[in-house]
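Take a look at the structure below.
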Amino acid sequence: MIEYLKEKYGDFAVFLDPKDFVHLFGTGRKHSEFFSRVGDAVLITKETFSFNYRYTGKEESLSGRHGSLSYQELVVPLVVYRRW
């Protein structure tokens, strides 16, 4: 699968086997279901590219697009509210 994706979309993204790049997810002990939840491939888009899903209106979805290691993608604001 990864070879097919590289051939078809290699100009737009990098496709990684999660087993080879497990360090991208942190250094702690991995949950027993880690690899089944991560999936078969990790997709990281190049430059300003993104992959879009053509919605039919019948599915639930999130509004955002993610998939790169750009500064804008990695730095996410955090708001914490502590109720005393």
Side-chain angles (χ1 to χ4, degrees):
M1 179 187 78
I2 291 176
E3 290 308 315
Y4 169 79
L5 293 171
K6 285 179 181 178
E7 182 180 316
K8 184 134 175 105
Y9 302 107
D11 292 341
F12 312 107
V14 176
F15 300 89
L16 309 172
D17 184 327
K19 293 178 182 98
D20 297 331
F21 293 91
V22 68
H23 62 280
L24 291 176
F25 299 94
T27 58
R29 192 175 127 253
K30 300 297 177 256
H31 189 278
S32 61
E33 295 180 24
F34 173 78
F35 288 109
S36 66
R37 296 185 73 185
V38 170
D40 296 323
V42 175
L43 178 151
I44 301 172
T45 58
K46 295 179 181 179
E47 301 170 13
T48 59
F49 291 104
S50 66
F51 283 82
N52 299 312
Y53 178 79
R54 189 168 293 177
Y55 294 105
T56 64
K58 296 179 183 175
E59 60 278 295
E60 294 181 33
S61 67
L62 299 174
S63 303
R65 290 185 216 155
H66 303 285
S68 74
L69 295 177
S70 68
Y71 179 81
Q72 293 84 359
E73 188 75 30
L74 293 173
V75 179
V76 178
L78 172 66
V79 177
V80 178
Y81 173 76
R82 180 180 286 183
R83 188 176 213 180
W84 293 98

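Since the model is a prediction, treat every value here as computed from it, not as a measurement.
- Rounded to the nearest 0.5 angstrom, Leu5 CG and Met1 CE are separated by 5.5 Å.
- Applying the ring pair (Phe, Tyr, Trp, His ring centres under 6.0 Å) test to Phe35 and every residue at least two apart in sequence or in another chain returns nothing.
- Nearest heavy-atom pair, Leu43 versus Phe15, reported as atom, atom and distance to 0.1 Å: CD1-CE2, 3.3 Å.
- Side-chain contact between Phe21 and Val42 is absent, with no heavy atoms from C-beta onward closer than 4.5 Å.
- Between the side chain of Lys30 and the backbone N or O of Gly28, at least one donor-acceptor pair lies under 3.5 Å.
- Expressed to the nearest 0.5 Å, how far CG of Asp40 lies from NZ of Lys19 amounts to 7.0 Å.
- Here the shortest heavy-atom pairing between Gly39 and Pro18 reads O-CG, 3.4 Å.
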